Asker: 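Before I ask anything, let me first share the structure, which is written out below as structure tokens.
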Amino acid sequence: MSAETTGIQFPADTEGRRSTTATSKSIFATALEAASPEAAQALRDEAQWRQQYPRHLRALTELSLEKPEAALATAKAGLDAAWRSFEFVRDGNARPLADAMAAPTPGALRTVTLEGRERSAPPRWWVPYRGQRLEGAVLLQQLDAWERRGVLEPSHAEALRQVQGHPEWLDLSDRTFALLGAAAEAGPFRWLMRWRANVVAVDLQRPRTWERLVQDALEGNGRLLAPLAASAPAAADASAWAPLAGADLLTQTPELAAWLGSLGVDLDVAALAYLDGEKHARVAVAMDAIGVALARARPGTSLAFMATPTDLFAVPGDVARSVQAAFAERSAPARLAQAGARLASAGRLFQPNAGRLVRSSTGTEYGTVDCLVLEQGPSYALAKRLQQWRAVVARSEGRTVSINVAPSSATHSVTKNPLLAAAFRGAGTFGVEVFHPETTNALMAALWVHDLRNPRSAAHPDVALQHPLELLMRGANHGGMWRLPWLPRSVLPLAALLGFTRRPSWQA
């Protein structure tokens, strides 16, 4: 049986077909059922799911905002449905995911360790940005500028100011990080290896990937721990074991959970892996399964996620009102031109972004912004929603959870698509900033440190939130998408047209 039909899979129907549409609809409908049976039925009846799924995610988010308990109920229902739906296939046999996770192959993986050669103290934090090295007062000025322009939320800027003011936070020798998808282009691996961290790296067995991870580790002052097949030959030198290191999150999920648990320490677990198409939902389930197993085994486990800006979010009421005001206060010429464009495009261009304002049972007003990109598809939306659900549920259970919106970044996985690459180049026309991956990983690595070190961070469960979804409202760097008066996807074609004539504005 090929690798494509082993490991974590969408469920098969009676004829052996694995439908991503049926599964996604079922999971989202089950989540909605916890808040509104009528809304759930409307989703089940949806005949144009791939085009209309955003409106159902808007309904889910708005209903979740009405009561704190509704947010937790929908999240738990969605997670339970996902765990019941996805299968684990091995040796031609499909098993429920929970059963597979409870029965890993014993001793399948062992640990190899590598110490960084740099013995100096952790360097002060800095940010590579458009050919500059931002640090000190210059970095603080840039944070102020991004905040004024609405590129990031004030809570994101304030968290990074805290990191700038507490360089002692960057000595991470007391923590062990497990990076699921360690080689992620916008991930924190390189920074953690500069900050004396113990980093357990999980990524595919690809020699070039591990050669790069090993090189980054050697240049740093941290400690790298990597999985190696138990059957691999013993080798003390990294040049010998690096080509053999790694494991597959999709097909070795139970074994990875068992191996990570065998390390015997509390882990800060980050779900970073990205795969194209329906595989992204499958790897999200794999990372969730590993995180759940580790959290059950050790109460000190923390979870971390990087939320995509191209999603549908609950936002504070003042953000929603500012978006509504920006749409309402357009100049007369802009209104006329955009009305003509909407008419010519059969209503697809320049659609308003913010949804209705929702007054929660707590008395606080919230809104929603829809930044979904249809080309990414409902499987991608499911993958990211699973992470949102796990974040709010885990925090409600007393676990430290860091989840922050990361900006759109010009990673290879995005820019290999000519249309999205062009849209990124033209995004600045509409007030959206796209970041180089090296800028993103510097910002988000520091933000993770903040969430772990600052006891007043929303990541800590003893910090009071009026609503569980406020966890996702704090620390967001959306590149300006939350503040757009139009649906981002309704101006994406125009951004792409402009982008085909421009060079990229982002630089490391």
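Values reported hereafter were calculated over all heavy atoms of this structure, with side chains retained and with hydrogens, waters and symmetry mates removed. Nothing here was measured: the structure is a model prediction, and the numbers come from that model.
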Asker: If we ignore angles and hydrogens, is there a donor and acceptor under 3.5 Å between the side chains of Gln388 and Asp311?
Answerer: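 There is such a pair (donor and acceptor under 3.5 Å, judged by atom type) between the side chains of Gln388 and Asp311.
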
Asker: Are Phe28 and His56 close enough that their ring centres sit under 6.0 Å apart?
Answerer: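 Ring-ring flag for Phe28/His56: false, centres at least 6.0 Å apart.
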
Asker: Got a sec, which pairs hit side chain to side chain donor-acceptor pair (under 3.5 Å) with one end in residues 160-170, sequence neighbours left out?
Answerer: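 Counting only pairs at least two positions apart or across chains, the side chain to side chain donor-acceptor pair (under 3.5 Å) contacts touching residues 160-170 are Asp144-Arg161, Glu147-Arg161, Glu158-Arg161, Glu158-Gln162, His166-Glu168.
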
Asker: Can you see whether Tyr53 has Arg50 sitting over its ring - NZ or CZ less than 6.0 Å from the centre and within 45° of the normal?
Answerer: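 The answer is no; the distance or angle limit is not met.
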
Asker: Using a strict cut-off of less than 4.0 Å between a Lys/Arg side-chain nitrogen and an Asp/Glu carboxylate oxygen, indicate whether Arg55 and Asp370 qualify as a salt bridge.
Answerer: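 The answer is no: the pair does not qualify as a salt bridge.
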
Asker: Is there side-chain contact between Asp266 and Thr176, with heavy atoms separated by less than 4.5 Å?
Answerer: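 No, too far: nothing below the 4.5 Å cut-off.
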
Asker: Among side-chain atoms of Thr362 and Gln466, is any donor-acceptor pair under 3.5 angstrom?
Answerer: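 Distance-only check fails for Thr362 and Gln466.
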
Asker: Return yes when atom CZ of Arg456 has more than 12 non-hydrogen atoms of other residues, nucleotides or ligands closer than 6.0 Å, and no otherwise.
Answerer: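 Counting other residues, nucleotides and ligands, CZ of Arg456 stays at 12 neighbours or fewer.
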
Asker: How long is the straight-line distance from CZ of Arg18 back to CD of Glu87, given to the nearest 0.5 Å?
Answerer: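 Between Glu87 CD and Arg18 CZ, I get 5.0 Å after rounding to 0.5 Å.
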
Asker: Would you compute the distance between atom CZ of Arg44 and atom CG of Leu32 and round it to the nearest 0.5 angstrom?
Answerer: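 So the CZ of Arg44 and the CG of Leu32 are separated by 8.5 Å.
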
Asker: Would you say the side-chain atoms of Glu365 and Ser360 include a donor-acceptor pair closer than 3.5 Å?
Answerer: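 Absent: no donor and acceptor within the cut-off.
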
Asker: In Å, rounded to the nearest 0.5 Å, how long is the span from CE of Met444 to CH2 of Trp191?
Answerer: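 Here the interatomic distance stands at 14.0 Å.
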
Asker: With rounding to the nearest 0.5 angstrom, report the CG to CG distance, Asp451 to Asn404.
Answerer: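 It is 5.0 Å, given to the nearest 0.5 Å.
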
Asker: Would you say the side-chain atoms of Thr400 and Ser302 include a donor-acceptor pair closer than 3.5 Å?
Answerer: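 Ser302 and Thr400 do not have a side-chain donor-acceptor pair below 3.5 Å.
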
Asker: Please confirm whether Trp146 and Tyr129 have ring centers closer than 6.0 angstrom.
Answerer: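 Close enough - the centres of the two rings lie under 6.0 Å apart.
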
Asker: Kindly say whether Ala334 contributes a backbone atom to a donor-acceptor pair with the side chain of Arg330 at under 3.5 angstrom?
Answerer: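 No.
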
Asker: How many angstroms lie between atom CG of Leu303 and atom CG of Asp288, to the nearest 0.5 angstrom?
Answerer: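 Going from CG on Leu303 over to CG on Asp288, the span is 8.5 Å.
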
